[in-house]
Amino acid sequence: MIEIIKQILYSDLGTALNNGSLLVFRILLAVELFRVHGMKKFRVENGQREQVPNPLHLPEKLNALVATFSDTVVPFLIILGIGTRLAVLPTIGVTAVGYFVVHRKDSLEVRDVPYMYTLSLLLILALGAGKYSLDSYLLTYLNN
């Protein structure tokens, strides 16, 4: 079990420049995700909160919980680089459903946003958080 956890946590892109670039990418992506999508979850416009689409017909509370978690908590986990590969999974799900289901008939300009988020999050899933992350520090602790 510890070996699986180590494989999930391990992420070293070889050079300080590569790891630093991934750190900057993670932070900028997560800040934008929170600012644009996460903050909407707290805002009330015209007396109503954001209406979260539910194309998979999940129970409303579960749908709202997944969307809120994906846009508010996950960005902070990405910034800190803790549990990064697992943390991005719900947000990948939300953005992929946005692209393939919610916006499937929309113009490319509208579909572009969930597409770019999905690709960016898939990159983080594949690469991990990099050496400059809490995942890396936790891995060092597990190896001792």
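Along the sequence shown, residues carry numbers from 1.
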Would you call the rings of Tyr117 and His37 parallel, tilted or perpendicular if under 30° counts as parallel and over 60° as perpendicular?
-> perpendicular
| field | Connected via hydrophobic side-chain network under 4.5 Å: Leu33 and Leu122 | value | yes
| request: Look at the side chain of Ser136 and the backbone N and O of Ser133, then say whether any donor-acceptor pair between them is shorter than 3.5 Å. | output: no
Sequence neighbours excluded, the answer for side-chain hydrogen bond (donor to acceptor under 3.5 Å, both in side chains) partners of Glu3 is none
Interatomic distance, CD@Glu109 vs CG@Asp106, rounded to 0.5 Å, equals 10.5 Å
Taken to the nearest 0.5 Å, the spacing of Tyr115 OH from Asp112 CG works out to 8.5 Å
Notebook entry, point to check: Checking Arg104 side chain against Tyr99 main chain: does a donor-acceptor pair fall under 3.5 Å?
Noted result: no
Expected list for residues 87-96: side-chain donor-acceptor pairs under 3.5 angstrom, two or more places apart:
| from | atom 1 | to | atom 2 | distance (Å) |
| --- | --- | --- | --- | --- |
| Thr91 | OG1 | Ser70 | O | 3.1 |
| Thr95 | OG1 | Thr91 | O | 3.0 |
| Thr95 | OG1 | Ile92 | O | 3.2 |
| Thr95 | OG1 | Thr118 | OG1 | 2.8 |

TODO: Keeping the roles fixed (side chain from Asn63, backbone from Pro53), state whether a donor-acceptor pair exists under 3.5 Å.
DONE: yes
Rounding to 0.5 Å, atoms CG (Leu13) and CG (Leu127) come to a distance of 5.5 Å
One should read off an interatomic distance between Leu139 CG and Ile8 CD1, to the nearest 0.5 angstrom, of 11.5 Å
side-chain hydrogen bond (donor to acceptor under 3.5 Å, both in side chains) pairs touching residues 16-29, sequence neighbours excluded, are Asp12-Asn19, Thr15-Asn18
Closest non-hydrogen contact found for Gly81 with Ala129 is CA-CB, 3.9 Å
On a heavy-atom basis, the closest approach of Met39 and Arg35 is CB-O, 3.4 Å
Applying side-chain contact (heavy atoms from CB on, under 4.5 Å) to Thr68 and not counting sequence neighbours gives Lys41, Thr72
By ring pair (Phe, Tyr, Trp, His ring centres under 6.0 Å), His103 pairs with (sequence neighbours left out) none
Joining Ile, Leu, Val, Met, Phe, Trp and Tyr whenever any side-chain heavy atoms lie under 4.5 Å apart, the cluster holding Leu108 also takes in none
Is there side-chain contact between Ile78 and Leu121, with heavy atoms separated by less than 4.5 Å?
yes
Across all chains, not counting sequence neighbours, the side-chain hydrogen bond (donor to acceptor under 3.5 Å, both in side chains) partners of Thr84 are Asp135
Distance col, row Leu119:CG vs Met116:CE, nearest 0.5 angstrom, shows 6.0 Å
Looking only at heavy atoms, the pair that brings Leu29 and Ser120 closest together is CD2-CB, 3.7 Å
Joining Ile, Leu, Val, Met, Phe, Trp and Tyr whenever any side-chain heavy atoms lie under 4.5 Å apart, the cluster holding Val24 also takes in Leu28
What one should report as the nearest heavy-atom pair of Val101 and Pro55 is CG1-CB, 3.3 Å
Sequence neighbours excluded, the answer for ring pair (Phe, Tyr, Trp, His ring centres under 6.0 Å) partners of Phe69 is none
Apart from Leu23 itself, members of its ILVMFWY cluster (side-chain separation under 4.5 Å) are Ile27, Val31, Ile79, Tyr132
The ring pair (Phe, Tyr, Trp, His ring centres under 6.0 Å) partners of Tyr10 (sequence neighbours excluded) come to none
For Glu60, the salt bridge (charged side-chain N to carboxylate O under 4.0 Å, His left out) test, sequence neighbours excluded, returns none
